Amino acid sequence: MPELPEVEITRQKLAPLLCGRTIARIETTADSYFFLTPPAQLKRALSGRRVEALNRRGKYLLAELDDGARLLLHLGMTGQLFADGVSSVRLLTGTGKGSLAPDAQAKGFTPDAHTHLRLHFDDGGPAVYFRDARKFGKVELLAAGARCARLERLGPDALETRGAELHAAAKKRKAPIKSVLLDQAVLAGVGNIYADEALFRAGIRPRTAARRLSQLQCERLVEALQAVMLRSIETGGSSISDYVQPDGQDGGYQDERRVYAREGLPCLQCETPIRRIVIGQRSSCYCPHCQR
DNA sequence: AGACTAACCTGAAAGC
DNA sequence: TGCTTTCAGGTTAGTC
């Protein structure tokens, strides 16, 4: 599932395909809860608009338009942004049970019934598509100067925050640290996988009450989180995307991931079987020996 | 305010 | 083989 690193990679790859181009027309699927702005309104507002920039906040992408409006995009769990004839990072869920979807490379990146938004440009060049099988993604048009509660709710971007900031928020929470990490109002951009990986690297059990963490632990946790995310961006987001090379070789994911979806497999540090528990309706994988 | 839960959605995988 | 059930998860809304 796309978390901060995957969204950032998507931004980097998509920006050159969007910026400076003028939208001629769009196509959408039928109105649904995927569209925070109804398709009819999107059609009116987007045609003729030039995209000036593509920015990211947490897991949100924001296409800045030449009239000051902004197109807010969220990939949800299975969202994919891609362009005609341009290979991009594929984002798909892992199974959460120790393996990634086996035929992950077989599908996607072909416009189909799940392609809810299609942007066509006046230069006749490659169209840009937003596909999302599960429709957990979101599209919203923000008028110039309009406020957006979803964005205003977000805490500091996970890559920009400091341990002290996390500690300040954690002190007030008796919920498990895992849940606090996933709270986008505390840190924007963290999802299940990087939360688990960061907790492992910081040696903290996911169920630990957030308020019991020391400032030093919070600093280590933020350091671990940022290291994991930066490394993921560096390796092409391989730790989430099901990126598989044409010869079937895996991307960097397996080398980077230490606990997520490794239930029952030996810890890479101590060989203790990785344990999986459920916290707040989400699976959490950790090493009972390395994380105390 | 924080904690907790259900709901949204669909494909893959597991179970029978 | 094929049908049924389970599961994954980001976010929000609603309840306590």
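Sequence lines set the chain letters: A, B, ... in the order given, protein chains first and strands last, and positions in each chain run from 1. Not measured: the values here are computed from a predicted model.
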Output the single nucleotide from C:dA8, B:dT10, C:dT11 whose closest atom is nearest the side chain of A:Tyr260. C:dA8
Whole Å only: how far is the CD1 atom of A:Ile279 from the P atom of C:dA8? 13 Å
Consider the side chain of A:Pro176, meaning its heavy atoms from C-beta on, and name the nucleotide among B:dA3, B:dC4, B:dG11 that approaches it most closely. B:dC4
With sugar-phosphate meaning primed atoms plus P, OP1 and OP2, does A:Gln281 contact a base, only sugar-phosphate, or nothing at under 4.0 Å between heavy atoms? base
Across the strands shown, which category fits A:Lys138 at heavy-atom distances under 4.0 angstrom: base, sugar-phosphate, nothing? nothing
Side-chain donor/acceptor of A:Arg282 to base of C:dA8, under 3.5 Å: no
Is A:Arg173 near enough to B:dA3 that one of its side-chain N or O atoms lies under 4.0 angstrom from OP1 or OP2? yes
For DNA chain B, whose closest nucleotide is more 5', that of A:Lys172 or that of A:Phe136? A:Lys172
Return no unless some side-chain N or O of A:Arg153 is found under 4.0 Å from OP1 or OP2 of C:dT12. yes
A:Glu263 CD to B:dA13 C1': how many Å, rounded? 15 Å
More 5' along DNA chain B: A:His114 or A:Gly280, using each one's nearest nucleotide? A:Gly280
Could you tell me whether A:Glu8 and A:Arg11 have a side-chain N and a carboxylate O separated by less than 4.0 Å? yes
Pick one: which of A:Arg276, A:Lys178, A:Arg258 meets salt bridge (charged side-chain N to carboxylate O under 4.0 Å, His left out) with A:Asp196? A:Lys178
Could you please name the option among C:dG10, B:dT10, C:dT11 that lies closest to any side-chain atom of A:Arg150? C:dT11
Parallel, tilted or perpendicular for A:His74 and A:Tyr60, by the 30°/60° rule? perpendicular
Side-chain ion pair, A:Arg231 and A:Glu256, N-O less than 4.0 Å: yes
